[in-house]
Amino acid sequence: MMLKNFLSTEKKARKQDTIYLFCPEDRVGKLVELLKYLKINLVINDYEVPLTKEKVICHYESSRLDAEKNMHLVNATERGVWVEPLVSYLDQKNGYTEVDLLHSSYFLHQKTFTILSSKRTQIVKRILDILFSLFLIMLAFPIGVLTAILIKLESKGPIFYKQLRTGQFNSEFKVIKFRSMRQDAEKDGAKWAAKFDMRVTKVGKFIRKTRIDELPQLLNVLKGEMSLVGPRPEREIFISELEKRIPYYRFRHAVKPGITGLAQISYPYGESVEDAVWKHKYDIHYIKHHSTITDLKILIKTIKVVLFGMGQ
């Protein structure tokens with residue numbers, strides 16, 4: 001099932017892209033299989049074809065190509081042909097990062113990660129976090145009071161639910177949410193949250209759909225433990241397992257976790273490792289291509305979810 005890019009304004013039928021790709025021979029099988037899944041036409045390692053400006057020219061692990069083959073790409077660049085890494089091309093085309101293609105060089109150009117390297121970007125993001133959080137707390141206070149009353153009337157247990165999550169630089173903190181499950185929800189141990197989770201109360205089902213259960217996390221934002229926008233904070237028990245199966249999974253902890261984020265508005269509720277892989281694709285893309293404008297667009301779409309019940 002194809003996912004909609006949240007930045008798209010309308011659906012457009014497009015012909016399959018043709019990519020002229022240059023890579024080491026031992027990577028051809030892997031790339032053919034992956035790009036077949038992405039429905040992309042491939043012409044691989046054809047050093048006879050003229051490289052012109054009309055063609056999409058990409059390379060993968062070009063540092064492993066011999067000097068003559070690399071010169072083929074250099075000559076194309078000299079003629080004004082746009083030659084770019086395959087992962088960068090797919091980033092722009094898909095709106096997410098294909099994590100199965102990642103290798104260390106993707107992360108070594110730190111200046112492209114402005115959210116990590118630019119003090120100005122970090123200060124602006126923190127100021128927006130504080131201002132928006134204070135505004136949302138005042139705006140949502142009546143909703144919070146009503147939610148607290150309904151939770152207390154429906155089931156025994158505390159109004160708020162606190163749980164250890166892993167944040168920036170792998171430091172743990174207690175995330176605060178309105179309780180949406182029965183008090184004994186984890187009597188048999190930690191479990192993935194599911195879309196149709198039988199542990200969820202009636203009030204919990206509604207506040208999850210509308211994201212009202214996330215509102216107390218504004219206090220985590222004011223404390224500096226979270227940001228309004230970023231990867232969702234996950235539990236260490238799940239992270240330890242996921243990092244064994246998902247490339248560079250802990251890189252998401254380079255930034256503060258968020259109440260909402262690109263993954264949350266682009267992909268349905270996650271309840272499996274496969275879902276975690278997809279969310280990681282969006283999280284890596286967000287960190288790489290962060291901008292204040294992107295944060296604002298994500299916040300606007302999230303507010304629509306809360307106000308109009310457009311949640312998954």
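All figures in this text were calculated on a predicted structure; none of them were measured in a lab.
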I'd like to know if [X] pairs up with [Y] as an ion pair, taking the criterion as any Lys NZ or Arg NE/NH1/NH2 lying under 4.0 Å from an Asp or Glu carboxylate oxygen.
{"X": "Lys36", "Y": "Glu33", "answer": "no"}
{"X": "Glu214", "Y": "Arg232", "answer": "yes"}
{"X": "Glu236", "Y": "Arg250", "answer": "yes"}
{"X": "Asp100", "Y": "Lys30", "answer": "no"}

Among Ile176, Leu219, Asn220, exactly one meets side chain to side chain contact (heavy atoms under 4.5 Å, CB included) together with Glu225. Which residue is that?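 When side chain to side chain contact (heavy atoms under 4.5 Å, CB included) is applied between Glu225 and each of Ile176, Leu219, Asn220, only Asn220 qualifies.
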
Indicate if Val255 and Val124 have the same hydrophobic cluster label, given that clusters are the connected sets of ILVMFWY residues with side-chain heavy-atom separations under 4.5 angstrom.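 Linked within one cluster.
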
From Arg211 CZ over to Lys177 NZ, what is the distance, rounded to the nearest 0.5 angstrom?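 Result: 10.0 Å between the selected atoms.
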
Nearest-0.5 Å distance, OG1 of residue Thr147 to CG of residue Leu215: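 Reported value, rounded in 0.5 Å steps: 7.0 Å.
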
ring-ring contact (aromatic ring centres under 6.0 Å, His included) partner of Phe251, the single match among Tyr286, Phe107, Phe169: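 It is Phe107, the one option of Tyr286, Phe107, Phe169 that forms the ring-ring contact (aromatic ring centres under 6.0 Å, His included) with Phe251.
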
For the residue pair [X] and [Y], establish whether any side-chain heavy-atom pair is separated by less than 4.5 Å.
{"X": "Ile159", "Y": "Ile149", "result": "no"}
{"X": "His72", "Y": "Leu51", "result": "yes"}
{"X": "Phe22", "Y": "Tyr60", "result": "no"}
{"X": "Asp295", "Y": "His290", "result": "yes"}
{"X": "Leu128", "Y": "Leu228", "result": "no"}
{"X": "Thr292", "Y": "Lys125", "result": "no"}
{"X": "Leu222", "Y": "Leu134", "result": "yes"}

Look at the side chain of [X] and the backbone N and O of [Y], then say whether any donor-acceptor pair between them is shorter than 3.5 Å.
{"X": "Ser171", "Y": "Gly167", "answer": "no"}
{"X": "Lys256", "Y": "Gly224", "answer": "yes"}
{"X": "Arg179", "Y": "Lys152", "answer": "no"}
{"X": "His59", "Y": "Asn70", "answer": "no"}
{"X": "Arg235", "Y": "Ile237", "answer": "no"}
{"X": "Thr210", "Y": "Phe206", "answer": "yes"}
{"X": "Ser266", "Y": "Leu262", "answer": "yes"}
{"X": "Asn94", "Y": "Tyr96", "answer": "no"}
{"X": "Tyr161", "Y": "Val175", "answer": "no"}
{"X": "Gln122", "Y": "Leu116", "answer": "yes"}

If only side-chain N and O atoms count, and only distance matters, is there a donor-acceptor pair under 3.5 Å linking [Y] with [X]?
{"X": "Ser227", "Y": "Arg126", "result": "no"}
{"X": "Gln163", "Y": "Arg165", "result": "yes"}
{"X": "Tyr267", "Y": "Asp275", "result": "yes"}
{"X": "Ser272", "Y": "Glu274", "result": "no"}

For side-chain hydrogen bond (donor to acceptor under 3.5 Å, both in side chains), just list the numbers for Ser180 and Asp213, CA-CA rounded to whole Å, side-chain angles, deciding distance to a tenth of an Å, and then say yes or no. CA-CA 7 Å; Ser180 60; Asp213 66 322; 4.6 Å; no

Between Leu73 and Ile57, what is the shortest heavy-atom contact and its length?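 What the structure gives for the nearest pair is CD2-CG2, 4.3 Å.
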
Aromatic ring pairing His289/His285, orientation class (parallel under 30°, perpendicular over 60°, tilted between):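 His289 and His285: tilted rings.
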
Give a yes/no verdict on a cation-pi contact between Lys288 and Tyr106, requiring under 6.0 Å between NZ or CZ and the six-membered ring centre and an angle within 45° of the axis.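 Yes; both conditions hold, so Lys288 lies above the ring face of Tyr106.
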
For Arg120, I'd like to know if atom CZ has over 12 heavy atoms of other residues, nucleotides or ligands within 6.0 Å.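 Count not over threshold, so no.
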
Is there a side-chain contact (heavy atoms from CB on, under 4.5 Å) between Val81 and Thr77 once you walk through the steps? CA-CA 5 Å; Val81 178; Thr77 303; over 6 Å; no

